[in-house]
Novice: 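Input: one structure, supplied below.
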Amino acid sequence: MSSTNYSSIYEEETQWLPFLKKALEPNHVNYNEDIKMLRTPFTSPGYHTKLRNVEYVHPIRDSLDYALAILDSHEDTYLDRAFEILRTILILQDQQADSPTYGIWSWYFEEPLSMMSPPDWNWADFIGRRLLQVLMRHSNRLPADLQQLTSQAICHSCEAIIKRNVGPDYTNIAIMGAFVTLIAGERLMNRAYFEYGLDRLQRLYDYSTQTGAFLEYNSPAYSTVAILELSALVTYSNTVEAKRLANELLDATWLTVAEHFHPQLKQWSGPHARSYQTFLGRSHLSFLQMACKGEVLFVSDDEFVYGLEWYAQGIVCPKRLHGLFTSIDVRELRQDLPPYHEFRTRTAYTYMTPEFTLGTFNHNVMWKQCRNLLGYVHTGNQEQSYIQLRVLHDGYDFCSAVYTSSQEQVSVLYGIQFALDGGDTHVNLDPIHGWMTASDLRIRIEIGSTGKVPAWKQMGEDAFQMSLGETTLSVKALYGAMDGFSAFHWELIEEGPVVSLDYVLYEGEPAEIDFHAMEEALFLFALTLCGPDQCLDRATSVTVSEHAVQSSLESPDQSLTLKLTKKPATRDVLFHN
């Protein structure tokens, strides 16, 4: 195989070197000379790590990003520090072939794999990919023994990735694992790794091109990861077929990103299969600006944030898409997602105007990372608001709540049911098997604003409106029943820049909620979002039968219906009945 020309890659990245050095600078003071790792404030997504009441930790991934950035920036003052970090991290990998966590790392120095609940197998991919970047770009600068140890650690990562063998539905890990194994196979002359990586990339390609979308659809976090990994595959692989497959997937990913970007609001329109923050952050805007080579401006120089892992990846947004980032009239997007054992018929819909955007999935679970009903609205000057649907169990997003909707342009009918095989805070990691204890359970329409907090106005017993600049948001409860519970009511909650309209199902002393014992647990709502010349009269109606409820929304120009079963069931049944 021919070798990659790394000098040409670095020449293309020269303009970003000052930004890399600037991003690297604040990290130097957080280096712990004793532990030989970077020290950062502790944050937790609520799963995998069991650490609690910890102020600071030493994260393995962030420390490795720091070491690689030192090498990339040629900050020779800190070269020994980069080597120290590498040696420390290599020791922290589980390298025992007969171990159940063979080939992976924990998240933090403070929490070994045996303490995690459960360990995160993705770290074979995340850390393996970074070690490969070190080896590919800087092997000539590493001491001989460190070269060998790094190569061995990459091999252990590949073995873990192959053993786990995630499917193409786990988009970002499917791509990253393909990169690690394929590039390691090329670099280390390991045919088995190479063939596995190429086959894995082909499987992802075949799966995603069924509908032209990834299952982790339109995710700001993971679309960015996908672009990073696919760009790196194109940049570093020496295999023509791998480059072709990666390039085609890359083009489809960039099209999804560009189509969903709202130029006036500078927001990433929903729905999002997975997301960690609702307003688009400066780092995402900076990423897009970098990818457009500065030809499309999203942030000022003072606001530009460069990511340490962006350097020398070959990230470029196709020029033909730049116009989608700069102008908006009306866009209407419909997209079928690839089949999944639970979501065999999942679709996404987005409606965009110059003033707002509104997007929904037709069905999904109400995981914290899912944005199943998501809107953004211009509210005046540079101010804007987001609209997000949530279901909360004792204040945290409830994964056993199942969302189903029907949307046409500015109107949405949506329902909340409950799964007997769902999780609590996570889709799979903490199953409740249809039973839980709760002090609070509620369905929330959350409005977050960058400016003045808007106010809800009650229009009737179960109807509310809010003025968001020139746009009107309307929400109406159409039906609600849950066996053993009846005191449903509305609450308005204001917390800083966020104001929520909550439909409270239960609040009080801890109570047992057993969905298996219920014949009925179903809630239906209507939501509309319209400009001053779009607010037509919309009539809603509900038809109740023995086992199901059908809601309807009628206006002069459209008709929506949504029919859902009353009884809690497994996710598979709820999504297809």
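Here, residue 1 is the first one in the sequence, and each next residue gets the next number.
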Novice: Identify which one of Ile175, Val225, Ile315 satisfies the side-chain contact (heavy atoms from CB on, under 4.5 Å) criterion when paired with Leu230.
Specialist: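 Passing option: Ile175.
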Novice: Without placing hydrogens or testing angles, list every side-chain donor-acceptor pair under 3.5 Å for residues 370-377, not counting sequence neighbours.
Specialist:
residue : atom : partner : partner atom : Å
Arg371  : NE   : Thr278  : OG1          : 3.3
Arg371  : NH1  : Lys368  : O            : 2.7
Arg371  : NH2  : Thr278  : OG1          : 3.4
Asn372  : OD1  : Asn364  : ND2          : 2.9
Asn372  : ND2  : Val365  : O            : 2.9
Tyr376  : OH   : Thr278  : O            : 2.4

Novice: Among all residues two or more places apart in sequence or in another chain, which pass the ring-ring contact (aromatic ring centres under 6.0 Å, His included) test with Tyr102?
Specialist: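 Partners of Tyr102 under the ring-ring contact (aromatic ring centres under 6.0 Å, His included) test: His156.
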Novice: Does any pair with a residue in residues 398-409 pass salt bridge (Lys or Arg N to Asp or Glu O under 4.0 Å), and if so which ones, sequence neighbours excluded?
Specialist: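 Listed by first then second residue: Arg334-Glu408.
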Novice: According to salt bridge (Lys or Arg N to Asp or Glu O under 4.0 Å), does anything in residues 295-309 pair up with another residue at least two apart or in another chain? List the pairs.
Specialist: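 Listed by first then second residue: Arg129-Glu309, Arg130-Glu309, Glu295-Lys319.
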Novice: State which residues pass ring-ring contact (aromatic ring centres under 6.0 Å, His included) with His378; sequence neighbours excluded, sorted by chain then number.
Specialist: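 Checked His378 against ring-ring contact (aromatic ring centres under 6.0 Å, His included); zero matches.
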Novice: Could you note down all residue pairs passing salt bridge (Lys or Arg N to Asp or Glu O under 4.0 Å) where residues 164-183 supplies at least one of them, sequence neighbours left out?
Specialist: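 Those involving residues 164-183 do not exist here.
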Novice: Under the side-chain contact (heavy atoms from CB on, under 4.5 Å) rule, collect the residues that match up with Thr347, sequence neighbours excluded.
Specialist: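 Listed in chain order: Asp336, Asn362.
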Novice: Taking only residues two or more places apart in sequence or in another chain, which ones pass ring-ring contact (aromatic ring centres under 6.0 Å, His included) with His284?
Specialist: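 None.
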Novice: With sequence neighbours left out, which residue pairs that include part of residues 266-284 fulfil the salt bridge (Lys or Arg N to Asp or Glu O under 4.0 Å) condition?
Specialist: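 Found Glu216-Arg274.
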Novice: For Phe179, enumerate each residue passing the ring-ring contact (aromatic ring centres under 6.0 Å, His included) test, keeping only those at least two apart in sequence or located in another chain.
Specialist: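 ring-ring contact (aromatic ring centres under 6.0 Å, His included) list for Phe179, sorted by chain: empty.
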Novice: Who passes side-chain contact (heavy atoms from CB on, under 4.5 Å) against His426, sequence neighbours left out?
Specialist: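 Only Tyr47, Trp367, Asn428, Leu429, Asp430 meet the side-chain contact (heavy atoms from CB on, under 4.5 Å) criterion with His426.
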Novice: Which residues satisfy the salt bridge (charged side-chain N to carboxylate O under 4.0 Å, His left out) test with Glu248, sequence neighbours excluded?
Specialist: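 With neighbours one apart ignored, the set is Arg244.
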